[in-house]
J.: 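Mind having a look at this structure? Questions to follow.
What you see is a predicted model, and the numbers here were worked out from it, not measured in a lab. Labels below follow one simple rule: chain letters A, B, ... track the order of the sequence lines, proteins then strands, and each chain is numbered from 1.
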2 protein chains.
Amino acid sequence: MNERPFHHGNLRAVLLDEAATVVRETGVDGLSLRDLARRAGVSHGAPRSHFADRQALLDALAVLGFERLTAAVRRALGTEGDLSVRFRAVARAYVDFAIDDAALMDLMFQAKTSGRAGSVPAAAGTLFGVLDDAMGPRVGAVDQEARDLFKLLFAATMQGIAALVASRRTDREQGYRLVDAATETMLGSELRERAVSDA
Amino acid sequence: MNERPFHHGNLRAVLLDEAATVVRETGVDGLSLRDLARRAGVSHGAPRSHFADRQALLDALAVLGFERLTAAVRRALGTEGDLSVRFRAVARAYVDFAIDDAALMDLMFQAKTSGRAGSVPAAAGTLFGVLDDAMGPRVGAVDQEARDLFKLLFAATMQGIAALVASRRTDREQGYRLVDAATETMLGSELRERAVSDA
DNA sequence: ACCTGAACACCGTTCAAGT
DNA sequence: ACCTGAACACCGTTCAAGT
């Protein structure tokens with residue numbers, strides 16, 4: 001009678017939790033719905049009640065990843081300091097995430113994933129919005145086009161560095177150095193002057 | 001008697017060719033060894049004579065991708081012009097490749113792929129070497145650490161932009177604008193002054 | 001609403017056997 | 001050396017049936 005209600009009401013959460021572990025340990029390829037069901041102690045058909053197919057589960061996983069990364073970025077933006085310090089903190093959050101959850105990072109930023117219409121692009125959009133906020137208020141004077149370009153370039157650079165580190169082509173320390181170099185370079189650029197109102 | 005010797009001597013090449021098409025059209029997930037064998041008109045066990053397992057075929061595919069990208073980068077470096085023009089050309093080659101072969105690009109730069117020891121990291125290394133050459137001769141005076149940092153940052157930025165475009169989060173035109181902004185920013189940076197001998 | 005369990009079609013991989 | 005074809009274990013997905 002003391003058996004925890006493993007599969008009553010929270011099967012979805014249990015499956016996602018287990019899936020996150022499997023992905024971290026063995027990569028996305030190592031993840032099977034049947035194995036997940038086995039781990040959760042339910043029949044192999046049960047996951048179907050919560051996810052239309054395997055890709056739907058992967059999408060949900062990616063969304064959770066974006067939410068976690070967004071939270072980490074938000075935390076980083078709370079750092080005391082000027083734009084340079086805060087951007088650096090954001091960039092490090094990216095790198096740390098990429099290292100601790102390399103396979104999930106891949107899943108989140110893969111071309112495949114965002115081919116779909118639904119929730120994954122939305123979650124990615126939220127992350128982007130936070131980055132936008134980090135650039136300070138949009139005053140009418142700033143060049144909106146430059147602002148978008150700057151934001152995209154920042155995101156692309158961070159993701160590129162993160163991917164580099166995640167793929168072990170370089171290590172965490174070098175990743176941090178890259179992050180520092182990138183923020184320094186970008187913040188000292190002419191583009192930034194046009195994009196961001198305050199300094 | 002006029003039947004082409006489809007599966008005599010060049011099965012390996014045929015399989016890789018077919019695989020490249022499938023990956024482009026349906027992504028890596030849509031690729032199965034048995035289907036490939038079917039397309040080549042051989043039994044499902046035949047591919048085993050050329051590839052130890054599915055991952056070995058994917059690795060070979062990634063290597064071919066790196067070779068093609070390396071060739072494109074080499075071509076771009078042949079462009080007439082100063083460092084700025086040539087870097088921009090390289091960056092555009094990256095973006096074009098990412099658009100035309102988004103799934104292959106993913107495969108090449110995925111964390112998973114480079115976990116392996118063998119030929120994939122080597123092919124990636126060759127691409128890196130070409131980028132290094134693009135920065136001009138190493139004269140003793142330049143800061144080697146700055147040079148490595150600059151090179152990595154350039155590669156990371158290009159790959160980040162390429163990934164952004166490949167995932168359709170932005171379009172080709174915006175990708176080109178990002179490339180221009182990135183090269184301009186990086187070439188005008190203090191890091192570049194320390195990293196590259198000539199201007 | 002959620003889960004079970006049989007069924008189906010498809011895989012990757014192994015391996016003895018052929019040529 | 002290269003390919004065939006049976007065999008095995010494992011999948012994703014569907015669906016009628018249970019509660």
Side-chain angles (χ1 to χ4, degrees), chain A residues 1 3-23 25-63 103 107 110 112-113 115-116 118 120, chain B residues 1 3-23 25-63 103 107 110 112-113 115-116 118 120:
Chain A
M1 337 285 186
E3 35 181 354
R4 279 166 295 159
F6 237 126
H7 31 292
H8 257 320
N10 64 340
L11 214 208
R12 193 191 138 94
V14 169
L15 288 172
L16 282 173
D17 214 64
E18 211 74 55
T21 305
V22 173
V23 166
E25 288 173 357
T26 66
V28 188
D29 289 346
L31 186 140
S32 102
L33 286 181
R34 290 178 103 108
D35 179 50
L36 248 35
R38 239 174 272 128
R39 287 162 181 260
V42 293
S43 77
H44 68 259
R48 200 51 205 300
S49 302
H50 301 279
F51 304 100
D53 53 23
R54 197 185 111 109
Q55 188 58 48
L57 187 140
L58 292 180
D59 284 353
L61 218 51
V63 168
L107 181 65
Q110 233 164 42
K112 176 188 20 168
T113 311
R116 300 218 154 196
V120 179
Chain B
M1 338 291 182
E3 34 182 354
R4 279 166 294 160
F6 237 126
H7 31 292
H8 257 319
N10 65 340
L11 215 208
R12 192 191 137 96
V14 170
L15 288 172
L16 282 174
D17 214 66
E18 211 73 55
T21 305
V22 173
V23 166
E25 288 174 356
T26 66
V28 189
D29 289 346
L31 187 142
S32 102
L33 286 181
R34 289 177 103 109
D35 180 50
L36 247 36
R38 237 173 274 128
R39 287 160 181 261
V42 292
S43 78
H44 68 258
R48 200 49 206 301
S49 303
H50 301 279
F51 304 99
D53 54 23
R54 197 184 110 108
Q55 188 58 46
L57 187 140
L58 292 180
D59 285 352
L61 217 52
V63 168
L107 182 65
Q110 232 165 43
K112 178 190 13 169
T113 311
R116 300 219 153 196
V120 179

J.: For the base of C:dG12, is there a side-chain donor-acceptor partner from B:R48 under 3.5 Å away?
T.: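 When only heavy-atom distances are counted, B:R48 does not reach the base of C:dG12 through any donor-acceptor pair under 3.5 Å.
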J.: Less than 4.0 angstrom between a side-chain N/O of B:R38 and OP1 or OP2 of C:dC11, yes or no?
T.: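 For C:dC11, OP1 or OP2 has a side-chain N or O of B:R38 closer than 4.0 Å.
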J.: Any sub-3.5 Å donor-acceptor pair from A:D53's side-chain atoms to A:A56's backbone N or O?
T.: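 Yes.
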J.: Choose from C:dT4, D:dC11, C:dC11 the nucleotide whose nearest atom is closest to any side-chain atom of A:A46.
T.: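 Of the options given, the side chain of A:A46 lies nearest C:dT4.
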J.: Can you check whether A:L16's main-chain N or O pairs, donor with acceptor, with A:R12's side chain at less than 3.5 Å?
T.: no
J.: Taking 4.0 Å as the cut-off, does a side-chain nitrogen or oxygen of B:S43 come that near to OP1 or OP2 on D:dG5?
T.: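 Looking at the OP1 and OP2 atoms of D:dG5, neither is under 4.0 Å from any side-chain N or O of B:S43.
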J.: How many Å lie between CG on B:L11 and P on D:dC3, as a whole number?
T.: 4 Å
J.: Does some side-chain heavy atom of B:V22 sit less than 4.5 Å from a side-chain heavy atom of B:R39?
T.: yes
J.: Let me know the distance between CG of A:L36 and C1' of D:dC11, rounded to the nearest Å.
T.: 13 Å
J.: What is the minimum heavy-atom distance between B:A20 and B:L61, and which atoms define it?
T.: N-CD1, 4.0 Å
J.: Ignoring the backbone of A:H44, work out which of D:dA6, C:dA7, C:dG12 is nearest its side chain.
T.: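 Nucleotide nearest to A:H44's side chain: C:dA7.
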J.: Please give, in whole Å, the distance from D:dC10 P to A:D29 CG?
T.: 18 Å
J.: Using atom NE2 of B:H50 as one end and atom P of D:dA1 as the other, report the distance to the nearest whole Å.
T.: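 Going from NE2 in B:H50 over to P in D:dA1 covers 13 Å.
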J.: Once you round it to whole Å, what is the distance between P of C:dT13 and CG of B:D53?
T.: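 Atom-to-atom, B:D53 to C:dT13, this comes out as 5 Å.
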J.: Name the closest nucleotide to the B:D35 side chain, picking from C:dC11, D:dT4, C:dT4.
T.: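 In terms of side-chain proximity for B:D35, the closest of C:dC11, D:dT4, C:dT4 is C:dC11.
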J.: Between C:dG12 atom P and B:F51 atom CZ, what is the distance in whole Å?
T.: 14 Å
J.: Strictly by Watson-Crick or wobble contacts shorter than 3.5 Å, is anything paired with D:dC15, and which nucleotide is it?
T.: C:dG5
J.: Has B:S49 got a side-chain N or O lying under 4.0 Å from the OP1 or OP2 atom of D:dC2?
T.: no
J.: I need the CZ-C1' distance between A:R34 and C:dA6, as an integer number of Å.
T.: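 After rounding, the gap between these two atoms is 10 Å.
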J.: Just the rounded figure in Å: distance from C1' of D:dT13 to CG of A:L57.
T.: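 Atom-to-atom, A:L57 to D:dT13, this comes out as 14 Å.
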J.: Nearest nucleotide by nearest heavy atom, which residue falls closer to the 5' end of DNA chain D, B:G45 or A:S32?
T.: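 It is B:G45, whose closest nucleotide lies nearer the 5' terminus.
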J.: Does the B:R38 side chain pair with the main chain of B:S43, one donor and one acceptor, at a distance under 3.5 Å?
T.: no
J.: When you measure from the side chain of A:R54, which nucleotide among C:dG12, D:dC3, D:dG12 comes out closest?
T.: D:dG12
